[in-house]
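Worksheet for the structure shown next.
Since this is a predicted model, take the numbers as computed values, not measurements. All values below come from the heavy atoms of this structure, side chains included, with hydrogens, waters and symmetry mates left out.
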Amino acid sequence: MSHPKSLLSMFAAVPLAALLSCSAAMAPAPEAPQPRPPAPVPVDPDRVEAVPADTVAALLRTLTVRQKVGQLVMPWLLGDSVPDDDPTMRRAYRWVDSLEVGGIIMSTGTPRHIAQKVNALQRRAPLPLLVSADFEAGTTLRMAAGTPFPTQMGIAATGNPDYARAMGRVTGVEGRAVGVHLAFAPVADVNSNPGNPIINTRSFGGDPHDVARYVEATVRGLREGGILSTAKHFPGHGDTETDSHLALPTITAPWPRFDSLELVPFRAAIGAGVDAVMSAHIALPALDAGQRRAGTLSPAILTGILRDSLGFRGLVTTDALDMGAIAKEIGPEEATIRAFEAGSDLLLMPSNIPAAIDAMVGAVASGRISMARLDQSVRRVLELKLRLGLFSERLVPLEQVDQLVANPAFLATAREITERALVLLKDSLGTVRQLRSGPGRIALVSVSDRRSLGNTLAAELRSAGYTVDLVQVSSEPTAEERAAVDAAIRAAPRSVLATAVLWGSYRGTIGLQPATAEFLGSVARRTPTVLVSFGSPYVIGQVPSAASYLIAWSATTMSERAVAAALAGKNPITGTAPIRIPPGFPLRAGIRLENE
């Protein structure tokens with residue numbers, strides 16, 4: 001397809017040289033009573049002019065209905081390295097060549113492999129692709145070897161929204177370096193329900209106004225890093241106990257509760273200039289005239305509340321349309337049409353891409369969807385592509401990927417945030433204080449199906465002079481594993497129990513297995529114990545006999561190093577919990593321990 005010359009010269013892409021130069025500016029701040037974020041990335045947040053309406057209109061006139069529909073569809077693709085004749089790559093090329101989809105959602109892969117795959121697809125796309133990824137709290141959720149930040153809740157535990165902004169800047173630079181333009185972040189949900197199996201530490205916390213501050217900071221940071229932002233999951237997924245990947249959750253709260261809780265962070269995101277809002281696959285009868293249907297399919301929610309009441313003028317995107325909350329309720333093709341009718345612009349991950357496009361084209365032909373409504377959404381997508389400079393430069397230079405992603409300055413920033421995110425929720429027997437007073441012998445028990453958990457923690461404590469007996473057991477310890485734990489705790493005066501209970505799609509629950517929680521509780525009753533959570537902060541409710549409880553938020557090597565430094569007395573412990581934690585820990589609880 002040919003393009004008008006004006007489209008090719010309207011905007012310059014954000015130069016990677018400018019992004020590369022920001023690496024030096026991102027050096028960690030010197031020690032100070034109040035932590036300072038890295039210096040701003042030198043990318044002008046308003047680096048582009050408004051797109052002339054006639055330019056977009058000219059391009060729209062060259063597109064057929066099928067091409068317009070294609071611009072709204074975003075399939076999902078792994079970021080792994082495969083040859084061109086691999087079935088997954090041939091399918092991706094068909095999406096781009098034949099169906100002319102408007103974008104791709106990139107999933108897990110190394111930075112270089114993601115960049116190579118994006119470039120390959122961009123070279124074949126008639127119009128430049130808008131590439132997106134789930135970059136929540138940094139790029140590492142989808143990109144191996146990115147800069148590892150704590151989860152959003154961990155970042156909020158620092159008490160400093162500037163750190164959220166710094167995380168956003170780094171995410172933007174790393175994302176653009178590999179060819180991603182739209183981050184499906186930040187999560188703007190308020191985690192008001194401890195039993196929520198799918199949000200948990202993805203949220204910034206349980207107080208709507210506190211969450212709003214961190215959401216706003218993240219949106220601004222992502223923009224400064226050169227990437228588009230998405231507030232999700234509208235109008236709020238924090239008060240559910242059902243995983244929407246499996247079934248349709250329902251929140252029965254009335255409008256005043258939504259207005260004062262769930263919507264607060266979304267208002268802040270819109271005020272900060274968020275580029276997109278992602279809908280939630282949740283039934284909200286109080287907001288939808290009593291109907292039990294996913295918010296993604298509700299005009300009352302996406303048009304009435306988001307567009308009309310909150311005044312959002314950016315891009316509205318569905319959550320994945322192949323999730324159980326949608327797929328089990330109505331057919332995939334009908335779901336695609338209804339999501340668009342409700343007010344969505346981007347249609348993510350229909351289960352059958354060709355069928356979804358055919359269904360939308362048929363809806364236009366029948367008059368069910370008007371051409372004006374279709375053009376309205378396509379125009380929003382094209383305007384973003386023009387703003388990003390994709391008609392001028394759609395490829396990324398591979399030689400700069402390694403320089404930009406996880407560079408030393410970014411890692412130093414993440415390390416500082418990780419250390420300040422640690423929360424000591426209780427230390428009733430003074431076990432943490434005793435450990436910090438000097439080296440001794442420790443029984444370290446890691447409980448996880450990820451057998452690497454505890455390796456770095458043990459190594460770091462040993463390097464600090466501690467004698468560490470490491471026992472690694474599965475999430476449901478066998479009799480043999482339990483016997484090894486018993487032997488280790490008998491030989492050491494103090495024990496550290498490391499857990500990594502993480503949220504995950506399609507599980508439906510979150511927490512320790514009941515038998516495992518009972519076993520850890522028995523360990524804590526027999527010996528002075530520090531329970532360390534490298535995941536969900538709520539596990540203390542399952543092991544209340546643990547006299548000391550330290551929250552580290554994420555199961556990364558960097559988090560294990562931070563915990564080791566804290567237990568060895570090398571770093572202060574200064575974080576506070578941005579949620580209420582059962583059975584009785586209030587919002588912003590946390591014991592502060594300074595270095596002596």
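For R257, the side chain to side chain donor-acceptor pair (under 3.5 Å) partners two or more places apart in sequence, or in a different chain, are D239, E262. With sequence neighbours left out, S309 forms a side-chain contact (heavy atoms from CB on, under 4.5 Å) with no residue at all. Residues forming a salt bridge (charged side-chain N to carboxylate O under 4.0 Å, His left out) with E216 (at least two apart in sequence, or on another chain): R220. Checked against side-chain contact (heavy atoms from CB on, under 4.5 Å), P83 has the following partners two or more places apart in sequence or in another chain: D85, D86. Residues passing the ring pair (Phe, Tyr, Trp, His ring centres under 6.0 Å) test with F204 are Y214, sequence neighbours excluded. For the side chain to side chain donor-acceptor pair (under 3.5 Å) test, residues two or more places apart in sequence or in another chain that qualify with K117 are D80. Shown here are the side-chain contact (heavy atoms from CB on, under 4.5 Å) partners of A115, two or more places apart in sequence or in another chain: V178, V396, L398, V401. Every residue meeting the side-chain contact (heavy atoms from CB on, under 4.5 Å) condition with T108, not counting sequence neighbours, appears here in chain and number order: L78, R142. In terms of the ring pair (Phe, Tyr, Trp, His ring centres under 6.0 Å) criterion, residue partners of F234 (sequence neighbours excluded) are, by chain and number, F266. Here D375 pairs with K68 under the side chain to side chain donor-acceptor pair (under 3.5 Å) rule; sequence neighbours left out. Every residue meeting the side chain to side chain donor-acceptor pair (under 3.5 Å) condition with S554, not counting sequence neighbours, appears here in chain and number order: S559.
When side chains are defined from C-beta on, L386 does not count as touching L390, because their heavy atoms never get closer than 4.5 Å. Taking the side chain as every heavy atom from C-beta outward, I282 and T250 never approach each other to under 4.5 Å.
The line from CG of D189 to NZ of K232 is 9.0 Å long, rounded to the nearest 0.5 Å. Going from atom CZ of R123 over to atom CG of L129 covers 12.5 Å, rounded to the nearest 0.5 Å.
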List the atom pairs, with distances to 0.1 Å, where a side-chain N or O of residues 296-308 and a protein N or O form a donor-acceptor pair under 3.5 Å, not counting sequence neighbours.
residue: T296; atom: OG1; partner: S279; partner atom: OG; Å: 2.7
residue: T296; atom: OG1; partner: A280; partner atom: O; Å: 3.3
residue: T296; atom: OG1; partner: H281; partner atom: ND1; Å: 2.7
residue: S298; atom: OG; partner: D288; partner atom: OD1; Å: 2.9
residue: S298; atom: OG; partner: D288; partner atom: OD2; Å: 3.3
residue: S298; atom: OG; partner: A300; partner atom: N; Å: 3.3
residue: S298; atom: OG; partner: I301; partner atom: N; Å: 3.2
residue: T303; atom: OG1; partner: A342; partner atom: O; Å: 2.8
residue: R307; atom: NH1; partner: F312; partner atom: O; Å: 3.1
residue: R307; atom: NH1; partner: G314; partner atom: O; Å: 2.7
residue: R307; atom: NH2; partner: G314; partner atom: O; Å: 3.0
residue: R307; atom: NH2; partner: D345; partner atom: OD2; Å: 2.9

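Q116 and S81 share no donor-acceptor pair across their side chains, judged by distance under 3.5 Å alone.
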Stepwise, does the side-chain contact (heavy atoms from CB on, under 4.5 Å) test hold for T151 with R202?
CA-CA 6 Å; T151 59; R202 298 167 71 193; over 6 Å; no
